Amino acid sequence: MQNTVTPTHCPYCALQCGMNLTPAPDGTVGVSERTDFPVNRGALCGKGRTAPALLSSGVRLTSPLVRSAAGTLVPASWDEALDRIAEGLRRTRAEHGPDAVGVFGGGGLTNEKAYGLGKFARVVLGTSQIDYNGRFCMSSAAAAGTRAFGLDRGLPFPLEDVPRTGCVILVGSNPAETMPPSLRYFTELRENGGTLIVVDPRRTRTAEQADLHLAPRPGTDLALALGLLHLVVAEGRTDEAYIRERTTGWEETRAAAMAHWPEYVERITGVSVPQLREAVRLFCEPEAAMVLTARGPEQQSKGTDTVGAWINLCLATGRAGRPLSGYGCLTGQGNGQGGREHGQKADQLPGYRKLTDPAARAHVAGVWGVDPDSLPGPGRSAYELLDALGTDIRSLLLMGSNPVVSAPRAAHVEERIRALDFLAVCDVVLSETAALADVVLPVTQWAEETGTTTNLEGRVLLRRRAVTPPEGVRSDLEVMHELAARLGGERGLEKGFPTDPEEVFEELRRASAGGPADYSGITYRRLAEENGVFWPCPAPADGPPGTADAADAEDAAFDALPDDPAHADDAGPGVHPGTPRLFLDRFATEDGRARFAPVSHRAIAEEPDDEYPVLLTTGRVVAQYQSGAQTRRVDELNTAAPGPFVELHPRLAERLGAAEGDPVAVVSRRGRAVAPARITTAIRADTVFMPFHWAGEGRANTLTNPALDPTSRMPEFKACAVRVEAVEAPPPGSGA
């Protein structure tokens, strides 16, 4: 390997931190700071620093595996493995029809691979049954944002705006552990005189930095937001001119909020009336303020309405579509934003187009060279797809996901996966899900391939190939090309699945042109030269009406603000610069107005009772990531976070007779998980917390409730009823 420095981006969370990679002669790869990238400005967390550990052939797959007659996975050639997959999918289609074949993707796939997978499902397989694990990430925020603003982009402004606002309400997010380099933005906010309010049932590392910490009972974020809006109205803090000029639906929303008076909300949430009043004061007194949500309020069976209630708070106070103000969602997965924009979701086509829109179908079908009527309609959402495995869906092609650990009611999902007639998995490592497959294909990972991702700000980025993949490893694009050749017969379908990522991106540009997520003005060259481009970014010749006006409005609004690196115009004359800030002139609705959502509090799907008297909530720890399939293979990260635990309040521990480190069992209606007790006053006495990164007996998602939000189809990961039991340690010498 040459000692060449390659600027690229981290493979993990949606910050997509910039980093430099330098291969060494001994085969290792060094990581160094990349200070030119504005999101992390050189900072990296432990996961980013140790990411090259996964490039080693000792921890990752380097040969296809097939299920032998004896039932074990054994090495095979690529031709044998691909032939087996093609035969398995072909047989299912012939016997049960195209919708008996499912496709499940991942929020870590590049835009090119996500785009290709959606096209492969609909054109080659002809199935409607495709979704991805990003449905478990921010689908409720996406649904609420689209309903309110006409468009969903995680953050409608760059992170650089956060330190310059007056107040941030951070709801259900713990960036100190989930995306540590972002914490500096909130630290700088306070250093600049702004205030931080954190809403979380746990006193997390992030909550410890807050000016005000509100600790509601899990599943009551909707009531909390309604109570704050009630006080905004009662105290005369609404922005009536803004409401009149830029919104619709206020009267119904106002009436719904007034039914949630402070004392009532205190009883529901456990947040005191004085704290409610202080939160309103801190949020309303500055000229600008923001609300940022994450999985806490979103992963609920009422997540869309919950996020909608927080958006209502922004709209009522004139805090959306104005400089340094607004609602935003902190996307979790590395390409959770781009992954759903370009066709992995069951109901969407590239460019964030609706699959049910005839014009959208015609446009994309034209790019793909197929009849619009040949495209299948919407399919099942992620959990519903997984729940149908082995019955309606008989074969599954899975890329970059590990639902055996990450899906709710995980033991049931594992049973459904085992019931499949055929399972093919493309992954970097032998995950718990891949271990159940009939065929496993070893594919390239972040540093071994070039491709684009879209971070939480809507900034499209170029990840560059820095090292050569091991012999025996191929890219997901090559997999789709080869399978299209085998399944397409004489139709030559493989021609529509090029293996060059830039060629795929050029087609993606055409497919997205004119859509809500318009990438048509973005090129690899621009991404390299400009350090990323914010969408929408239409091509000059076919930019949608109003685009130039939006750019002009942003210029005018921010002329008075110094030091605005997100708006540096490096695109050149006649080229759209991209859109760092949305909605400054109008919202993306037909009339340009934002929509209030009249919502009311309702209970979680499964409230505690005598049999299950405690609430379980789940989340992440700083040293592990998602299902842990990759980070659990890194020694340094395992040393920092070696296994699961149950966080519980001292009063609950005392009732159980449990001491620190004792094994305790958490039991729900769906199963049982066992892990060591971690006793702390940082959690509510009626709540326990488990991280969800581990498989085995400590698998938190064995317990979680798959109750779905009626709009987003997001499962209720964040709140379910459980009981906690002491577990007797096995006697010495028992071998247990």
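Values below: every heavy atom of this structure, side chains too, minus hydrogens, waters and symmetry copies. For clarity, every value in this text was computed on a predicted model and none was experimentally measured.
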Participant: Counting only heavy atoms not in Glu263, do more than 12 sit closer than 6.0 Å to its CD atom?
Facilitator: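 Yes, enclosed.
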Participant: Anything under 30° is parallel, anything over 60° is perpendicular, the rest tilted; go ahead and classify Phe136 against Phe717.
Facilitator: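 Judged by the thresholds at 30° and 60°, the geometry between Phe136 and Phe717 is perpendicular.
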Participant: Find the distance between CG (Leu222) and OG1 (Thr306) and round it off to the nearest 0.5 Å.
Facilitator: 4.5 Å
Participant: Hey, could you give me the OG/CZ distance between Ser668 and Arg409, rounded to the nearest 0.5 Å?
Facilitator: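 Rounded to the nearest 0.5 Å, the OG-CZ separation comes out at 10.0 Å.
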Participant: To the nearest 0.5 Å, how far apart are CZ in Arg135 and OG in Ser381?
Facilitator: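 One finds 5.0 Å between CZ of Arg135 and OG of Ser381.
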Participant: Arg651 vs Glu654, test: salt bridge (charged side-chain N to carboxylate O under 4.0 Å, His left out). Steps then yes/no.
Facilitator: CA-CA 5 Å; Arg651 290 205 295 271; Glu654 184 178 4; over 6 Å; no
Participant: Return the minimal non-hydrogen interatomic distance between Pro644 and Pro691, and the atom names on each side.
Facilitator: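 Scanning both residues completely, I find the closest heavy atoms to be CA-CG, 4.5 Å.
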Participant: Does the distance from a Lys or Arg side-chain N to an Asp or Glu carboxylate O, for Asp609 and Arg669, drop under 4.0 Å?
Facilitator: yes
Participant: Tell me whether the guanidinium CZ or amine NZ of Arg319 lies under 6.0 angstrom from the six-membered ring centre of Phe283 and within 45° of its axis.
Facilitator: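 Because its charged atom sits under 6.0 Å from the ring centre and within 45° of the axis, Arg319 does stack over Phe283.
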Participant: Can Glu414 and Arg418 be counted as an ion pair, charged N to O under 4.0 angstrom?
Facilitator: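 Result for this pair is yes, salt bridge flagged.
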Participant: When you check the gap from the basic side-chain N to the acidic O, do Lys718 and Asp221 get nearer than 4.0 Å?
Facilitator: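 So Lys718 does not pair with Asp221 through a salt bridge.
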Participant: Can Arg203 and Glu208 be counted as an ion pair, charged N to O under 4.0 angstrom?
Facilitator: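 The answer is no: the pair does not qualify as a salt bridge.
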Participant: Kindly assign one of parallel, tilted or perpendicular to the pair Phe587 and Phe149, based on the angle between their ring planes and the thresholds 30° and 60°.
Facilitator: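 Parallel.
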